2 protein chains.
Amino acid sequence: MNLPASIRAADRIYDRVKAMACTYRLSPGGRVNEVELARQLGVSRTPLREALNRLASEGFLVPTMNKGYHVRALDPAEVLALYEFRAAIEVGGVQLACERATDAELDGLEAFALASRDAPDEDAQALRLLELDEQFHERLAGLSGNDEFVRAVCATNERIRFVRWIDMKDRRAGTQNEHLAIVRHLRQRDAAMAGTLIRQHISRRLDQITEVIRIGYGEIYTGNALAAHVLDGAA
Amino acid sequence: MNLPASIRAADRIYDRVKAMACTYRLSPGGRVNEVELARQLGVSRTPLREALNRLASEGFLVPTMNKGYHVRALDPAEVLALYEFRAAIEVGGVQLACERATDAELDGLEAFALASRDAPDEDAQALRLLELDEQFHERLAGLSGNDEFVRAVCATNERIRFVRWIDMKDRRAGTQNEHLAIVRHLRQRDAAMAGTLIRQHISRRLDQITEVIRIGYGEIYTGNALAAHVLDGAA
DNA sequence: GACGGCAATAGTGTATACAGTTATTCTGTA
DNA sequence: TACAGAATAACTGTATACACTATTGCCGTC
């Protein structure tokens, strides 16, 4: 009854290509060359196309008739839409969590937020902060007791990961304290306030997204400042 | 036999297989036999696998290591979760619509709801009602001005279509009047009330889902009572 | 008859070949 | 030189072949 580690080539490269799309090592707007990419990844086109397919239906790639796939461009309007969508999901999830989460679960989440806030300095890199932030939100969504919320949160997190990573760079503090505030209102079973807080928490930097994306494009085109590998396994 | 003449085979059969999964012509829980299904659809396994892949990442199928895909079973808990999720999305979308929709757009939606309510009798089949219902909700989501909401609403609609179809059979009236009430509160820019109404509208029959699913299983296993083709192009 | 191992079968996952479509280069003409 | 159009190359979409895994049926042992 042992579950062998996933040996499917399609699964392996799915993660790699997704990482490449998230970090924009595949240049945004550019066309994906299947033969070239397959060669680069050391597999044939068949499993690669499987991965591209899944990525397209998740919104990372855009299929074009008889011209394969294009990497979705870094579009401010779209990122904004994703932030809005994420806010709606998380507010909804928090309402359910407020009804359903046990005190023990909330204790666990509070401990996580506390530990994240007091993490040692060497962990205070933008990447590490982003990772902790994503984990908090995913765990929070999990307290809704509804996996659809978790899946939706994870999916949107992946699509805005790059932007949030850029954003994290000059947003050192505050995040974890806001997380703590949310958990504490949940423990008081104050759904309305928790919902308001998480909405603010997500919307706070919404007006700066366009600027962040401008910076992001700079990072992309100034070469390896992106440190291509760093975002690969963030979640 | 390689004829990508007009459109991609993968796209064609994607819709067909999705319909088969939605209507449970592919028996829920059962394993999908690729060679058999490909033969049945008149294509090779390659485009079929592409379709199966997309359906898996959309939640219609469940991939299993070295055993292909299984049709997702009709699980009450999961349908419940989808209803909850849908409620959260639509409530969020309505808040945005309340801020952004023009009076003209709301007029249009109201006209649609009115026309739906007063549709001629021969249109009052469960399928037709479901179709109108889905369209209303998708148009409503569209007024949020955020395509992510639309996509999410459409996606969840597809996954609960079968259950709602069963449910529609003894829920003739009321739906359209509730739709009208929602639009009218939107026109008064009363986001709170519109949100409450749509949440109620969606949650109303939540407690009967288990029963509905039981009936659904009956329909599935009593053969063509399902009228397999009817749900195919509902949206 | 029950059970365990082994052969045979069926089925998935991957690679490769091929056909049709799009992009590019080359060539001739004005 | 500029440009149109054909020839060529590059690439995608599909079919097929093959390798490896899981399942099934069979046989012998207990």
Side-chain angles (χ1 to χ4, degrees), chain A residues 1-21 25-73, chain B residues 1-21 25-73:
Chain A
M1 193 70 100
N2 60 348
L3 303 181
S6 173
I7 54 162
R8 286 182 21 139
D11 293 334
R12 281 201 325 272
I13 65 173
Y14 164 78
D15 290 324
R16 291 187 60 186
V17 178
K18 181 160 72 177
M20 293 170 81
R25 255 177 301 168
L26 264 43
S27 44
R31 181 170 172 176
V32 177
N33 186 328
E34 294 178 7
V35 291
E36 171 63 18
L37 189 53
R39 196 188 51 73
Q40 192 176 324
L41 295 171
V43 295
S44 81
R45 282 176 58 218
T46 306
L48 172 60
R49 278 177 64 90
E50 186 167 327
L52 295 178
N53 237 309
R54 287 159 66 182
L55 292 171
S57 75
E58 289 165 16
F60 293 103
L61 303 176
V62 182
T64 324
M65 176 56 60
N66 284 329
K67 284 192 273 188
Y69 299 92
H70 287 255
V71 180
R72 176 147 288 189
Chain B
M1 278 279 202
N2 299 353
L3 53 143
S6 51
I7 55 168
R8 300 193 344 146
D11 293 333
R12 283 202 324 271
I13 65 173
Y14 164 78
D15 290 324
R16 290 188 60 185
V17 178
K18 182 160 72 178
M20 293 171 81
R25 254 175 302 167
L26 265 42
S27 42
R31 181 170 173 176
V32 176
N33 186 328
E34 295 179 4
V35 290
E36 171 63 18
L37 189 54
R39 194 188 53 73
Q40 193 176 323
L41 295 171
V43 296
S44 81
R45 282 177 58 219
T46 307
L48 172 60
R49 278 177 66 89
E50 186 166 325
L52 296 179
N53 237 311
R54 287 159 67 183
L55 292 172
S57 75
E58 289 165 17
F60 293 103
L61 302 176
V62 181
T64 325
M65 176 57 54
N66 284 329
K67 283 191 278 186
Y69 299 91
H70 286 254
V71 180
R72 176 146 288 185

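In what follows, chains are A, B, ... by sequence order, proteins preceding strands, each numbered from 1. Remember, it's a predicted structure, so these values are computed and weren't measured experimentally.
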Task: B/Ser44 vs D/dA15: side-chain N/O to OP1/OP2 distance below 4.0 Å - done: yes

Task: Heavy-atom pair with the smallest gap, counting every atom of A/Ala38 and A/Leu48 - done: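 So the minimum-distance heavy-atom pair works out to N-CD2, 3.5 Å.
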
Which whole-number value in Å describes the distance from [X] [atom1] to [N] [atom2]?
{"X": "B/Leu41", "N": "D/dA15", "atom1": "CG", "atom2": "C1'", "result": "15 Å"}
{"X": "B/Ile7", "N": "D/dG13", "atom1": "CD1", "atom2": "P", "result": "13 Å"}
{"X": "B/Arg12", "N": "D/dG13", "atom1": "CZ", "atom2": "P", "result": "14 Å"}
{"X": "A/Arg49", "N": "C/dA17", "atom1": "CZ", "atom2": "C1'", "result": "15 Å"}
{"X": "A/Arg39", "N": "C/dT16", "atom1": "CZ", "atom2": "P", "result": "14 Å"}
{"X": "B/Asn66", "N": "D/dT21", "atom1": "CG", "atom2": "C1'", "result": "6 Å"}
{"X": "B/Arg8", "N": "C/dA19", "atom1": "CZ", "atom2": "C1'", "result": "16 Å"}

Open item on the list: Can you list everything that forms a side chain to side chain donor-acceptor pair (under 3.5 Å) with B/Arg39? Sequence neighbours excluded, please.
Closed with: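 So B/Arg39 forms a side chain to side chain donor-acceptor pair (under 3.5 Å) with B/Glu36.
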
Task: Minimum side-chain heavy-atom gap A/Glu34-A/Tyr69 below 4.5 Å - done: yes

Task: B/Arg54 vs B/Phe60 side-chain heavy atoms within contact, under 4.5 Å - done: no

Name the pairs: protein N/O against N/O of nucleotides 9-11 of chain C, kept only if under 3.5 Å.
residue : atom : partner : partner atom : Å
C/dG11  : OP1  : B/Asn33 : ND2          : 2.8

Task: Close approaches to DNA chain C from residues 53-61 of chain A, in residue order (heavy atom, under 4.0 Å) - done: none

TODO: Could you check B/Glu50 against B/Arg45 and say which one's nearest nucleotide on DNA chain D is further toward the 5' end?
DONE: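 Final value for this comparison: B/Glu50.
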
